[in-house]
Number of protein chains: 2
Amino acid sequence: MKYSKQRELVLNTVIENPVHPTADFVYSHLRSANPNISLGTVYRNLNLLADHGLIHKIAIPNGSDRFDFRTDEHYHMICDCCGEVFDVELDSLKELDSEIEKSTGFVVRHHDLIINGLCNKCKHK
Amino acid sequence: MKYSKQRELVLNTVIENPVHPTADFVYSHLRSANPNISLGTVYRNLNLLADHGLIHKIAIPNGSDRFDFRTDEHYHMICDCCGEVFDVELDSLKELDSEIEKSTGFVVRHHDLIINGLCNKCKHK
DNA sequence: CTACCTGCAAAAGGTTTGCATAGCC
DNA sequence: GGCTATGCAAACCTTTTGCAGGTAG
């Protein structure tokens, strides 16, 4: 991957904003200091960085994709009230892929798990 | 929910086609015998039927939503090769929601799990 | 120099919605 | 008769892509 200023900015934005930003968040965030950056470039770089394993792309049901600077295995919980995305560690899923392979015979490459509910701040409202 | 011919057709299509059809599948399928049915009506009815719990909506990362006549708890595996969607029973996830609630304090309403890989037909290619 | 990258704007899905008309109860 | 549903088409949102010019190595 050749160096580019825009790619560096995109990567740093994801790293410095652990809110699991969307492409549009990254774009808006960068726009103020870099009025010429384009949304297409942001998308291209987020996807390229994810393809190279430097960040992780999180597909959200009925919502925009989000990006995560953490690339180790963990899961995400989205609060239906405030929209915030939280990291969740689930040791019990370590064996999930091999369990599925054993019971179905499929070759598992990947699984996506998204949890919806209410976070600690919102559950008392 | 008031009766409508179109809603009945949409529901029957989902029930009679256990391929986890997309809205477009349902639309194309019905179009031949009902040339006037509209895609908007198909979407409205699929969503309405799902809201009323008669069918289940499956959000597919990077793909169209699919609909399932089965409403009991089970999961889905999508073959990256042929695109077919398979049902997977995972008893080990029965306790997932309560496990998450215990470790995080969140109120869990729902979780979505999609597995990607290769089915038994495709894995030998 | 050349391959890769950018900005811009248009296109491409997939899904929802506004409106006037039609149908259920 | 009134409320809900329909067909049609336009709008919407997010993401991708074609192109002509710019930049890293």
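Keep in mind it's a predicted model, so treat the numbers as computed, not measured.
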Determine: side-chain N/O of [X] to OP1/OP2 of [N], distance under 4.0 Å, yes or no.
X	N	answer
A/Q6	D/dT23	no
A/N36	C/dT6	no
B/T41	D/dG7	yes

Return the set of residues passing side-chain hydrogen bond (donor to acceptor under 3.5 Å, both in side chains) with A/H111 (not counting sequence neighbours), or none when no residue passes. A/Y75, A/D97

Is a side-chain N or O of A/R7 found less than 3.5 angstrom from the main chain of A/K2, in a donor-acceptor match?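 Yes: the side chain of A/R7 pairs with the backbone of A/K2.
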
Side chain of A/N17, backbone of A/V19: donor and acceptor closer than 3.5 Å? no

In this structure, how many angstroms lie between the [atom2] atom of [N] and the [atom1] atom of [X], rounded?
X	N	atom1	atom2	value
B/L39	C/dT17	CG	C1'	13 Å
B/K57	C/dG14	NZ	P	14 Å
B/L9	D/dA5	CG	C1'	14 Å
A/D24	D/dT16	CG	P	14 Å

Residues forming a ring-ring contact (aromatic ring centres under 6.0 Å, His included) with A/H110, sequence neighbours excluded: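 If we apply the ring-ring contact (aromatic ring centres under 6.0 Å, His included) test to A/H110, skipping adjacent residues, there are no hits.
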
Kindly write out the residues that satisfy ring-ring contact (aromatic ring centres under 6.0 Å, His included) with A/Y43, not counting sequence neighbours, or none if the list is empty.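 Applying ring-ring contact (aromatic ring centres under 6.0 Å, His included) to A/Y43 gives none.
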
Co-membership, hydrophobic cluster, residues B/V107 and A/L90, 4.5 Å side-chain: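 No, it is not one cluster - the side chains of B/V107 and A/L90 are not joined through contacts under 4.5 Å.
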
Enumerate the residues from residues 60-67 of chain A whose closest heavy atom to DNA chain D is under 4.0 Å, giving them by residue number; use none for an empty result.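 Nucleic-acid contacts, sorted: A/S64, A/D65.
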
Taking the axis from the first five pairs and the axis from the last five, what angle separates them in the helix from C/dC1-D/dG25 to C/dC25-D/dG1, rounded to 10 degrees? 30°

Taking atom CD as the centre, does A/E95 end up with more than 12 heavy-atom neighbours from other residues, nucleotides or ligands that are less than 6.0 angstrom away?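 It does not: A/E95 CD has 12 such atoms or fewer within range.
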
Earlier contact from the 5' end, DNA chain C, for B/Y43 and A/G40: A/G40

Side chains of A/T41 and A/V10, heavy atoms from C-beta outward: is any pair under 4.5 Å? no

What string of B, S and - do you get for nucleotides 19-25 of chain C 5' to 3' if you count protein non-hydrogen atoms under 4.0 Å? ----BBS

For the side chain of B/N47, starting at C-beta, report the closest nucleotide among D/dC8, D/dT15, C/dT16. C/dT16

Between B/D72 and B/H56, does the side chain to side chain donor-acceptor pair (under 3.5 Å) criterion hold? Intermediate values first, please. CA-CA 9 Å; B/D72 60 313; B/H56 191 244; over 6 Å; no

